[in-house]
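Below is one structure; the comments refer to it alone.
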Amino acid sequence: MNLHIYNTLTNKKEQFLPHTENKVSMYVCGPTVYSAPHIGNARAALVGDLFYRLLQKLYEEVIYIRNLTDVDDKIILESEKTGVPINIITQDVTKMYQNEMSKLNMLEPTFEPKVTDNINNIISTIEKILNNKSAYISENHVVFDMDSFKDYGSLSKKVSDDLIDGARVKPETYKKNPKDFVLWKPSVNQNCGWDSPWGYGRPGWHIECTSMIKSIIGNEQTLDIHGGGNDLIFPHHENEIAQGTSCASAKYCNYWFHNGIVLVDKKKMSKSLGNVILVSDIINATNPIVIRLALMSSHYRQPLNWTNDTVNNAKNIYEKIVTSLDADSSDVREDDNDFLELLCDDLNTPNAIQYLVKQAKDSKNNKNLLPKLRYNCDLIGLKRNSYKISVELKNKVEHLISQRETARQNKDYASADQIRNMLASMNVDLKDGPSGVTWKIKD
RNA sequence: GGCUAAGUGGCAGAGUGGUAAUGCAGCGGCCUGCAAAGCCGUCAACGCCGGUUCGAUUCCGACCUUAGCCUCCA
């Protein structure tokens, strides 16, 4: 089975071929840990997670790297604003992020590097770039020299002059060219800086990714897949290509994927608009697996407009699948290549979900489909929530149900309905089926 | 202004050179004390204008609209 990925580099869907047979390396830009994760962070992580799950099915060895940016102006700003020390902010947010991603059933990446653990690697990558004469030192900054890199714009398809036409590039006195970007900058903040050959300072934004990738896969290796939100294409990933090409002789990366952003009311989520939806807000109100499904409901490259309907839709689909799975307590699994094939088509999750719904429906008349349905749910990370139902709760529920049954037999429907409402308020869902009453905890 | 995408029923969202899945909502029915679930049936859409073609929603071009990027951003 061949995986096809839409490559931002070529703007085409291409067959994926790993640089080294049966070994795949993938890097996905993780969050800057300065504030609580939002739904956009979750979407990016989910796309990485789905590619990772798929690659693991297809290849023997898969390295999945997702970084944590714990050095950044925004973090320093947050610390100055709140008075909370930088390392406390980054630790707390990191914990929050990891915890929430795990609730959304994201697999742990193979590596989860942090900038603060990689300062030496970053310094040595910058030295390589300087040695290759692709950067210069100016006013205590190390600056990437865009004159040394002719392919700039290959990813974003932006022609050089357009960048200046926007007239929003602030010309800095230490830059020879407005397109040049900072690899290392001086730091006045005693709480955020490291000694370097260029004085006390800290890395620029872009260099960390390249440096951490190279430190894991090797400086002269080509990364197979690099992903992230499409708002990172320019300038972040463009700059990564520039520096990643200038610190080694190998090609930097073969395949680039970019996920669309999450819109709220058809507008980009942003703090200034005040429409940011936090992961914590929604996974407390809704089953995280439903949220996961909702995030998969549109193709990853499309913008995803987040509305109540997005969630309701996912809830309904989840219910259907779960109802079918509940029909059988077995946990036999069986490969389903038809399903895998849908995912191999550039991660076509809407199609895959459609397939699942149909499979769930068909399995009602054909129990032989259940092992495949289970396998497919596992593959995309749709797991059941396992509720710990205490003995007390179980007894209480069953006692109330038997009271209700008595009432029903006596045609005392007012009491029966009252008990059903009481159970509903305990999050217990009743169904009066042909073979008696069944109940479950609502997800 | 430049660049990149996208425009499908009430909503969400697939797909295709021969008029179009699926889910939700709606409507009608079966079932039910009622409900939920389930089942059956049903209504309804391819931005606009040209071109290519026997035939386009699907390919090509213009236009319009929307979103994103060009400044931190997943």
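Bear in mind the structure is a predicted one, so any value in this text is a computation, not a measurement.
With salt bridges taken as basic N to acidic carboxylate O contacts below 4.0 Å, none links A/Asp412 and A/Arg408. One finds a salt bridge joining A/Glu319 and A/Lys440 here, because a Lys/Arg side-chain nitrogen approaches an Asp/Glu carboxylate oxygen to under 4.0 Å. Here A/Arg374 does not pair with A/Asp378 in a salt bridge; the nearest charged N to carboxylate O distance is not below 4.0 Å. Ion pair A/Asp417/A/Arg420 flagged as a salt bridge, since at least one NZ, NE, NH1 or NH2 atom sits closer than 4.0 Å to an Asp/Glu carboxylate oxygen. Between A/Asp147 and A/Lys179, no side-chain nitrogen of the basic residue sits less than 4.0 Å from a carboxylate oxygen of the acidic one, so the salt-bridge criterion is not met.
In this structure, CG of A/Leu232 is placed 16 Å from P of B/G68, rounded to the nearest angstrom. Note: CD1 (A/Ile233) to P (B/U71) measures 15 Å, nearest angstrom. Rounded to whole Å, atom P of B/C34 lies 8 Å from atom OH of A/Tyr413. Rounded to an integer number of Å, the gap from A/Gln418 CD to B/G33 C1' is 16 Å. Rounded to whole Å, the distance from CG on A/Leu155 to C1' on B/C70 is 14 Å. To the nearest angstrom, P of B/A36 lies 12 Å from CG of A/Asp417. The distance between atom CG of A/Leu423 and atom C1' of B/A36, rounded to the nearest whole Å, is 14 Å. Atoms CZ (A/Phe257) and C1' (B/A74) sit 11 Å apart, rounded to a whole Å.
The aromatic ring centres of A/His141 and A/Trp184 sit 6.0 Å or more apart.
Mapping A/Gly260 and A/Val357 onto RNA chain B by nearest heavy atom places A/Val357 closer to the 5' end of the strand. Looking at which nucleotide of RNA chain B each of A/Ala416 and A/Thr310 is closest to, the 5′-most match is held by A/Thr310.
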Base-contact (B) and sugar-phosphate-only (S) positions in nucleotides 6-11 of chain B, heavy-atom cut-off under 4.0 Å, - elsewhere: S----S

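A cation-pi contact, defined as under 6.0 Å to the ring centre and within 45° of the axis, links A/Lys74 to A/Tyr34.
Going from the P atom of B/G2 to that of B/A62 covers 14 Å, rounded to whole Å. One P atom belongs to B/G68, the other to B/G13, and the distance between them is 16 Å to the nearest Å. B/A36 and B/U42 are spaced 23 Å apart, taking the C1' atom of each and rounding to whole Å. Of the P atoms belonging to B/A6 and B/G10, the separation is 23 Å, rounded to the nearest Å. Taking the C1' atom of each, B/U53 and B/A12 are spaced 34 Å apart, rounded to whole Å. Only the C1' atoms considered, B/C43 is 24 Å distant from B/G7, to the nearest whole Å. The gap from the P atom of B/A5 to that of B/G18 amounts to 25 Å, rounded to the nearest Å. Separation of the P atoms belonging to B/U58 and B/C49 is 12 Å when rounded to the nearest angstrom.
Relative to the side chain of A/Tyr6, the nucleotides B/C34, B/A74, B/A5 differ in distance, and B/A5 lies closest. Comparing B/U22, B/C34, B/A74 by their nearest atom to the side chain of A/Gln354 picks out B/U22. Proximity note for A/Lys74 (side chain, C-beta onward) versus B/C72, B/G13, B/G23: the nearest is B/C72.
When base pairs are accepted only as Watson-Crick or G-U wobble with both N-N or N-O distances under 3.5 Å, RNA chain B takes part in stems of 3 or more pairs at B:1-7 with B:64-70, B:10-12 with B:22-24, B:26-30 with B:38-42, B:49-51 with B:59-61.
The shortest distance between the side-chain N/O atoms of A/Lys320 and the OP1/OP2 oxygens of B/G38 is below 4.0 Å. Here A/Asn11 reaches the OP1 or OP2 of B/A5: one of its side-chain N or O atoms lies under 4.0 Å away. At least one side-chain nitrogen or oxygen of A/Asn348 sits closer than 4.0 Å to the OP1 or OP2 atom of B/G15. Residue A/Lys411 places none of its side-chain N or O atoms closer than 4.0 Å to OP1 or OP2 of B/C34.
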Residue pair A/His4, A/Phe16: steps toward the ring pair (Phe, Tyr, Trp, His ring centres under 6.0 Å) verdict: CA-CA 5 Å; A/His4 290 258; A/Phe16 172 70; over 10 Å; no

Worked check of ring pair (Phe, Tyr, Trp, His ring centres under 6.0 Å) between A/Phe257 and A/Phe51: CA-CA 10 Å; A/Phe257 74 79; A/Phe51 269 119; 4.7 Å; yes

Would you list the atom pairs, donor with acceptor, under 3.5 Å between side chains in residues 84-94 of chain A and any protein atom, with sequence neighbours excluded?
{"unit_1": "A/Thr90", "atom_1": "OG1", "unit_2": "A/Ile86", "atom_2": "O", "d": "3.3"}
{"unit_1": "A/Thr90", "atom_1": "OG1", "unit_2": "A/Asn87", "atom_2": "O", "d": "3.1"}
{"unit_1": "A/Thr94", "atom_1": "OG1", "unit_2": "A/Thr90", "atom_2": "O", "d": "2.6"}

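Under a 3.5 Å cut-off, the side chain of A/Thr245 and the backbone N or O of A/Tyr252 do not form any donor-acceptor pair.
Here A/Gly40 lies in heavy-atom contact (under 4.0 Å) with a base. Heavy atoms of A/Val28 sit nowhere under 4.0 angstrom from any nucleic acid atom. Among the heavy atoms of the strands, none lies under 4.0 Å from A/Gly433. Among the protein residues, A/Lys361 comes within range of the sugar-phosphate backbone only, with heavy atoms under 4.0 Å from sugar or phosphate atoms but none that close to a base. Counting any heavy atom pair closer than 4.0 Å across all strands shown, A/His38 reaches a base atom.
You won't find any donor-acceptor pair under 3.5 Å spanning the side chain of A/Asp72 and the base of B/C72, going by distance alone. A donor-acceptor contact under 3.5 Å is not formed by the side chain of A/Asn351 with the base of B/G15.
Checked against A/Phe181 for a ring-ring contact (aromatic ring centres under 6.0 Å, His included), the options A/Phe144, A/Phe234, A/Phe149 give a single hit: A/Phe144.
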